[in-house]
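Below, read A as the first sequence line, B as the second, and so on, with proteins coming before strands; counting in each chain starts at 1.
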There are 2 protein chains.
Amino acid sequence: MQLLNSSKYAIRILGYIANHETQQLCSAKELSETLTIPYKFLTKIMMKLVNADLIISIRGRDGGYKLAKPASSITIIEILNHFNEFSEQKQCILGIGLCDSRKKCALHDQWVKPKNMIKKMFETTTLEDISSDNFKQ
Amino acid sequence: MQLLNSSKYAIRILGYIANHETQQLCSAKELSETLTIPYKFLTKIMMKLVNADLIISIRGRDGGYKLAKPASSITIIEILNHFNEFSEQKQCILGIGLCDSRKKCALHDQWVKPKNMIKKMFETTTLEDISSDNFKQ
DNA sequence: ACAAAATACTACTTAAAGGTAGAATTTAAA
DNA sequence: TTTAAATTCTACCTTTAAGTAGTATTTTGT
Ligand code: SF4
Ligand code: SF4
């Protein structure tokens, strides 16, 4: 009942960068230290985010990372999708597989409401909404 | 954003047994086949449930499993607790650690409501509520 | 007594996530 | 031109969940 560490890190990283767009770039060192994410693991995630066109990286000395689009246009669900989380399959509480109103699992009826709330939360929340200083540990 | 396979299996197993209490006992073979859970993995989970005093096992020929208490007294959260899921720590969306109203993470405000719904669902739903035929795949 | 059918136990293997290491490449300043 | 500081890339290690295998033990019917 948790997101993957990678996903959690990604959200916190992107949120932090969104909140520091006034300054030019964020380096991996800065991100790693302020967010207390293992440096090598962080750079791995950054590569993924660059590949997903969420982040633009500038190489070389004084390089770093910045958002590829406005913070207000990046939703949480878009981030999670790149880590293969919260797909239709993964929204399922008992993992019986896709269901319709006839064939449903034992917890379906009680799961529908919170599931939709979470879905809505992920779909409507953008990096702009969550940019604050509360990303640290 | 999913439960562990073990937890999902456990819920389905207990739900099925609760729904078949009219007959005497359920055997591992029967459970494995009707719920399409790998036999050896199932027996491993059954040992855990027996140890957790949720299930009583009868050994020997014609042996099998039955609930250790009335279905109405076993909540989903009690099951999950034995698999170390949905603990205080694990209810956290970004995994920053326990928080109070002053120190909270970026998604906290939007997470509170669905979190509490899920918690309530797990706490108030008993095996009796979910006993139906919808456990199969 | 014996065989059959069931659970219990211990140990191993596989798959996936999490994390680490080191060298290669790029860029800009001195 | 050299050096420093940054990202990129490839490969590896560790931990945990998932799943498998084989044997021992218990019970009941014949
Ligand atoms: S009925 Fe609902 S909870 Fe159950 S498997 Fe289908 S989508 Fe998931
Ligand atoms: S603020 Fe809320 S969501 Fe964030 S870490 Fe704390 S409990 Fe979890």
Residues A/Met46 and A/Ile17: closest non-hydrogen pair is CE-CD1, 4.2 Å
Might you point out which heavy atoms bring A/Thr126 and A/Ser72 nearest each other, and give the distance in Å?
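Looking at all heavy atoms of both residues, the closest pair is CG2-O, 3.3 Å.
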Integer-rounded Å distance: [N] [atom2] and [X] [atom1]:
{"X": "B/Lys40", "N": "C/dC9", "atom1": "NZ", "atom2": "P", "result": "13 Å"}
{"X": "A/Ile55", "N": "D/dT7", "atom1": "CD1", "atom2": "C1'", "result": "13 Å"}
{"X": "A/Asn84", "N": "C/dA16", "atom1": "CG", "atom2": "P", "result": "12 Å"}
{"X": "A/Leu3", "N": "C/dA16", "atom1": "CG", "atom2": "C1'", "result": "17 Å"}
{"X": "B/Lys8", "N": "D/dA18", "atom1": "NZ", "atom2": "C1'", "result": "12 Å"}
{"X": "B/Lys90", "N": "D/dT16", "atom1": "NZ", "atom2": "P", "result": "10 Å"}
{"X": "A/Tyr39", "N": "D/dA5", "atom1": "OH", "atom2": "C1'", "result": "9 Å"}
{"X": "A/Met46", "N": "D/dA6", "atom1": "CE", "atom2": "P", "result": "14 Å"}

Taking the nucleotide of DNA chain D with the nearest heavy atom to each, does B/Arg59 or A/Lys29 sit closer to the 5' end?
A/Lys29
For A/Gly60, report the nucleic acid contact type (base, sugar-phosphate, nothing); a contact means any heavy atom under 4.0 Å.
base
Students often get this wrong, so: under 4.0 angstrom with heavy atoms, is B/Phe83 touching a base, only sugar-phosphate, or nothing?
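Here B/Phe83 touches no strand at all.
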Please tell me which of B/Met47 and A/Leu4 maps to the more 5' nucleotide of DNA chain C, matching each residue to the nucleotide holding its nearest heavy atom.
B/Met47
With respect to B/Ser7, which candidate in B/Gln2, B/His82, B/Glu85, B/Arg12 satisfies the side chain to side chain contact (heavy atoms under 4.5 Å, CB included) definition?
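Checked B/Gln2, B/His82, B/Glu85, B/Arg12 against B/Ser7; only one passes side chain to side chain contact (heavy atoms under 4.5 Å, CB included): B/Glu85.
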Which one, [options], comes nearest to the side chain of [X]?
{"X": "B/Ser57", "options": "C/dT7, D/dT8, C/dG19", "value": "C/dT7"}
{"X": "A/Arg61", "options": "D/dA5, D/dA18, D/dT20", "value": "D/dA5"}
{"X": "A/Ser6", "options": "C/dG18, D/dT8, C/dA8", "value": "C/dG18"}

Between the base of C/dG18 and the side chain of A/Lys44, is there any donor-acceptor pair under 3.5 Å?
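Result: no qualifying N/O pair found.
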Using a 3.5 Å cut-off and no angle test, enumerate the donor-acceptor pairs between side-chain atoms of residues 54-61 of chain B and protein atoms at least two apart in sequence or in another chain.
none

Between D/dT7 and A/Ser27, is there an OP1 or OP2 to side-chain N/O distance shorter than 4.0 Å?
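No, because none of the side-chain N or O atoms of A/Ser27 sits under 4.0 Å from OP1 or OP2 of D/dT7.
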Verify the contact: side-chain N or O of B/Tyr9 to OP1 or OP2 of D/dA17, cut-off strictly under 4.0 Å; return yes or no.
no
Could you tell me if the side chain of B/Lys120 sits less than 4.5 Å from the side chain of B/Lys115, heavy atoms only?
no
